[in-house]
Amino acid sequence: MKTRIYRIFTILLCLLFVIPLAACDGSPDAPSGTLESQNGVTVEGAFEEGVTLEAVEVVGEEKLTALQSIDEETYDTDGEVYVYDISVIKDGAKVQPNGKVKVTVPVPDIDTSKTYTVYHVKDSGEVEKIKPTVESGKVIFETDGFCFFIIAPDEQTGESGESGGATEQPKKQVSVSINILPLAEYGMLKVNGTLYDRAASYKTKHTEGDIITVEAVATSGHHFDFWGEDEVLSRETIYVFTVGTEDISFAANFTGHAVQYSEITDDTHTEKCKYGDYTATVAHTFASERIINEATCEHAGEKELSCACGKTKTEEIPITDHDYQGGVCSMCGKTQTYVRVNANGVENPNGAYIKMGKTYCEQVKDGELENALMEIAGSPYLTLENWTPFDFGNGDSGENATTYYCDVEYNGLNYRGVYIKDYRKDNDSTQTTSSRYWTGTYWFEQRDAMWRIVKEEDGKAYLVSKEIWISQRFAESDEGELTYENSWIRAWLINTWINELFTPAQQAILQGNEACFGDKIFLPSSDEISINSPKPFGLYRYPFCLGAYKEVLQGYGDNYCPYWLRDGIVKGADGKNYVKCVTSCPPFDQTTEYLATKTFVGVVPAIIIEL
């Protein structure tokens with residue numbers, strides 16, 4: 001015995017030096033009762049909170065030292081042997097489990113044609129032999145403590161002894177499976193004296209001939225009924241059986257209180273269990289429901305709720321959302337007016353953007369497509385018959401128009417061509433670039449307009465365009481009395497662009513802005529979009545849309561474009577009208593002022609919609 005204790009002490013001393021050099025595996029807290037190390041070893045059982053699992057495979061010289069602890073045992077020394085140091089740690093100290101636990105060790109190359117024994121080398125030097133379950137790629141066993149575990153193949157039998165007697169056949173390993181029905185919360189299993197708390201079943205391998213004693217332990221409010229599945233094996237809480245040669249599977253069947261109900265009122269009932277003294281007056285639990293009328297997107301539904309005592313009540317089922325398919329509700333036929341999306345345009349019920357209306361923003365870069373569109377529209381260089389003048393104010397319409405557009409449909413998509421005939425009058429020839437000239441035709445594909453939700457309350461949303469639509473003058477003249485109410489840009493928005501953008505169904509959900517003469521489309525004010533305050537609205541870059549191609553029409557620069565606000569109209573020192581603009585340059589909440597007649601300033605419209 002002294003020799004054995006000395007060997008154990010030697011093993012433990014060696015491993016104290018080995019383990020810090022090995023890759024110690026930690027696991028997070030496991031409230032479910034299962035711990036797992038990073039190398040895949042798992043332990044199922046009852047533990048304190050805040051524990052972690054460490055599992056280290058012992059190899060090399062340390063493995064040979066560990067095997068000395070079982071040199072008096074009989075096992076197949078020619079087979080592959082595996083040694084693990086397994087421990088559970090809390091606050092830097094090793095702790096032991098509360099009762100037996102189930103350990104699963106991944107062993108990918110385990111030889112399933114052999115039987116194995118797990119030798120548990122305890123801190124005291126004692127060696128406990130455990131019969132594991134060996135499956136493809138893993139070894140499963142139970143233990144009530146942690147230290148070193150040696151997984152060794154059993155000595156091979158089959159040769160006759162010296163007496164020449166018959167070969168002794170090894171006993172079979174049989175799968176024993178005991179389930180809890182209907183739910184693990186109803187009861188627990190005690191197998192050979194070990195209680196398996198919070199476990200839905202007991203599943204492991206046993207050796208043929210083992211005697212197993214199982215006990216059913218009901219939880220509070222429940223009762224044990226019988227052992228069995230297809231047939232009743234026993235109605236006693238303790239059941240003893242012997243493992244044969246066939247796999248065994250049955251269940252411990254539990255039930256709740258088998259109650260009778262009385263004194264049923266609107267709010268409570270009295271229930272008494274036939275199994276014991278349980279009696280209580282409790283509130284109704286309406287757990288069962290029956291649909292009386294289905295809810296739709298047009299009207300609420302109705303359902304009946306029932307308590308186990310027979311008491312019923314009815315409740316309303318809220319109106320459902322519309323089931324939009326292809327923009328039309330499959331239930332009521334309503335047309336979808338808007339879609340809530342994220343910044344990338346992907347539908348998201350919590351997104352910060354709205355898709356609503358159509359704009360021409362995506363420039364066509366395919367030369368073959370441009371040629372096909374031009375063939376449909378007819379070249380504006382030859383005739384302007386199919387091209388409409390675009391009015392930028394101040395007499396640049398009709399015969400004096402500088403810009404024309406033409407809308408065509410091709411392969412099921414809509415496109416707009418923009419033909420620039422001449423300079424706009426206030427841009428001082430700055431629209432020419434090294435790659436594009438002021439005379440030219442550009443094509444843009446129609447797409448959904450994107451709006452940022454600035455404010456949402458009382459079932460309404462204040463929206464501001466995610467992009468600059470176009471560049472446009474604020475007023476036809478920079479002289480005289482100017483207000484937003486009498487401005488050119490306001491008339492242009494409410495008379496032209498509201499119809500250009502929205503379908504009649506979408507126009508129907510537009511709400512008038514009481515702070516802006518009740519207009520349903522308008523320029524935002526600095527207060528409404530938090531300009532010059534800690535909450536800037538955001539970045540606007542040049543869009544590809546009618547009248548706003550960044551290098552051709554604006555003449556302002558390659559990266560940013562200012563856009564008008566409707567407030568801040570002032571008289572300059574020269575007696576002319578200036579209007580406040582957002583610079584749209586970093587940090588994107590700065591403002592400046594431009595003459596009201598400047599055409600390079602962008603239009604960022606705002607709307608209010610009913611959600």
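Nothing here was measured: the structure is a model prediction, and the numbers come from that model. For the single chain, residues carry numbers from 1 onward in sequence order.
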Go through the steps to decide whether Gln506 and Thr337 satisfy the test side-chain contact (heavy atoms from CB on, under 4.5 Å), and finish with yes or no.
-> CA-CA 5 Å; Gln506 291 169 335; Thr337 52; 4.1 Å; yes
Flag, side chain of Thr219 to backbone of Glu185, donor-acceptor distance under 3.5 Å | yes
Assess whether atom OH of Tyr410 is packed by more than 12 heavy atoms of other residues, nucleotides or ligands within 6.0 Å.
-> no
Test item: Trp488 side-chain N/O and Ala596 main-chain N/O as donor-acceptor pair under 3.5 Å | no
Can you check side-chain contact (heavy atoms from CB on, under 4.5 Å) on Tyr442 and Val364, steps first, answer last?
-> CA-CA 8 Å; Tyr442 307 91; Val364 174; over 6 Å; no
Minimal non-hydrogen separation, Ala475 against Leu482, with atom names | CB-CD1, 3.8 Å
With rounding to the nearest 0.5 Å, note down the distance linking CE in Met331 to CG in Asp321.
-> 8.0 Å
Separation of Gln38 CD from Glu54 CD (nearest 0.5 Å) = 10.0 Å
Just by distance, with hydrogens left out, do Tyr462 and Glu456 show a side-chain donor and acceptor under 3.5 Å apart?
-> no
When rounded to the nearest 0.5 Å, the distance separating CD1 of Ile354 from CG of Leu611 is 6.5 Å
Quick one: does Leu413's side chain get under 4.5 Å of Asn411's, heavy atoms only?
-> no
Is there a side-chain contact between Val51 and Leu35 (heavy atoms, below 4.5 Å)?
-> yes
Contact check, side chains of Thr268 and Val282, non-hydrogen atoms, under 4.5 Å | no
Considering residues at least two apart in sequence or located in another chain, which fulfil the side-chain hydrogen bond (donor to acceptor under 3.5 Å, both in side chains) criterion with Asp266?
-> Lys311
pair Asn414-Asp407: side-chain heavy atoms closer than 4.5 Å = no
Test item: Thr496 and Phe390 side chains (from C-beta on) under 4.5 Å apart, heavy atoms = no
In terms of heavy-atom contacts, Ala199 and Ile180 come closest through O-CD1, 3.3 Å
Does the Trp492 side chain pair with the main chain of Arg473, one donor and one acceptor, at a distance under 3.5 Å?
-> no
Applying side-chain contact (heavy atoms from CB on, under 4.5 Å), run through Leu463 and Arg452 and close with a yes or a no.
-> CA-CA 5 Å; Leu463 311 177; Arg452 176 68 183 265; over 6 Å; no
Side chains of Lys520 and Asn513, donor plus acceptor under 3.5 Å = no
How close do Cys581 and Tyr594 get, heavy atom to heavy atom, and via which atoms?
-> SG-CD1, 3.7 Å
Would one find more than 12 heavy atoms of other residues, nucleotides or ligands at under 6.0 Å from atom NZ of Lys460?
-> no
Residues Ile292, Thr314; criterion side-chain contact (heavy atoms from CB on, under 4.5 Å); working and verdict | CA-CA 9 Å; Ile292 300 173; Thr314 59; 4.1 Å; yes
Val604 to Ser465 - nearest heavy-atom pair and separation = CG1-O, 3.7 Å
Salt-bridge test for Glu445 and Lys358: reply yes if a basic N is under 4.0 Å from a carboxylate O, no otherwise.
-> no
Quick one: does His322's side chain have a donor or acceptor within less than 3.5 Å of a partner on Cys329's backbone?
-> no
Do other residues, nucleotides or ligands put more than 12 heavy atoms under 6.0 Å from the CG atom of Asp366?
-> yes
Hey, what do you get for OH (Tyr353) to NZ (Lys466), rounding to the nearest 0.5 Å?
-> 5.5 Å
Contact summary for Met356 and Tyr338, nearest pair of heavy atoms = CB-CB, 4.0 Å
Do Asp567 and Ser526 have side-chain atoms, one donor and one acceptor, less than 3.5 Å apart?
-> yes
Where does the angle between the aromatic ring planes of Tyr484 and Phe474 fall among parallel (under 30°), tilted (30 to 60°) and perpendicular (over 60°)?
-> tilted
Hey, does the side chain of Thr597 reach the backbone of Asp478 with a donor-acceptor pair shorter than 3.5 angstrom?
-> no
Within the side chain of Thr285, is there an N or O that forms a donor-acceptor pair under 3.5 Å with the backbone of Ala287?
-> no
Student check: side-chain heavy atoms of Asn348 and Arg340 closer than 4.5 Å = no
Student check: side-chain heavy atoms of Ser487 and Trp564 closer than 4.5 Å = no
From CD1 (Ile609) to CD1 (Ile509), nearest 0.5 Å | 4.5 Å
Centroid-centroid under 6.0 Å between Tyr419 and Tyr381 rings = yes
State whether a side-chain donor-acceptor pair under 3.5 Å links Ser37 with Asn39.
-> yes
Note: Asp519 and Phe522 closest approach over all heavy atoms is O-CD2, 3.6 Å
Got a donor-acceptor contact below 3.5 angstrom from the Gln507 side chain to the Phe502 backbone?
-> yes
With distance as the sole test, does Asn344 use its side chain to make a donor-acceptor pair with the main-chain N or O of Val346 at under 3.5 Å?
-> no
State plainly whether the residues Arg566 and Glu528 are in salt-bridge range, i.e. N to O under 4.0 Å.
-> yes
Quick one: OG1 on Thr296 to CD1 on Ile317, what's the gap to the nearest 0.5 Å?
-> 10.5 Å
Within 45 degrees of the axis of the six-membered ring of Tyr405 and under 6.0 Å from its centre: does Arg416 put its NZ or CZ there?
-> yes
Do you see a donor-acceptor pair shorter than 3.5 Å between the side chains of Tyr578 and Asp574?
-> yes
Between Ile489 and Val603, is any pair of side-chain heavy atoms under 4.5 Å apart?
-> yes
May I ask you to say whether Lys90 pairs ionically with Glu48, meaning some side-chain N is under 4.0 Å from a carboxylate O?
-> yes
Are any of the side-chain nitrogens in Lys303 or Glu289 under 4.0 Å away from the carboxylate oxygens of its partner?
-> yes
Glu271: side-chain hydrogen bond (donor to acceptor under 3.5 Å, both in side chains) partners, not counting sequence neighbours | His269, Tyr278
Atom CD of Glu294 with >12 non-hydrogen neighbours under 6.0 angstrom = no
Indicate yes or no: does Glu304 engage Arg290 in a salt bridge with an N to O separation below 4.0 Å.
-> yes
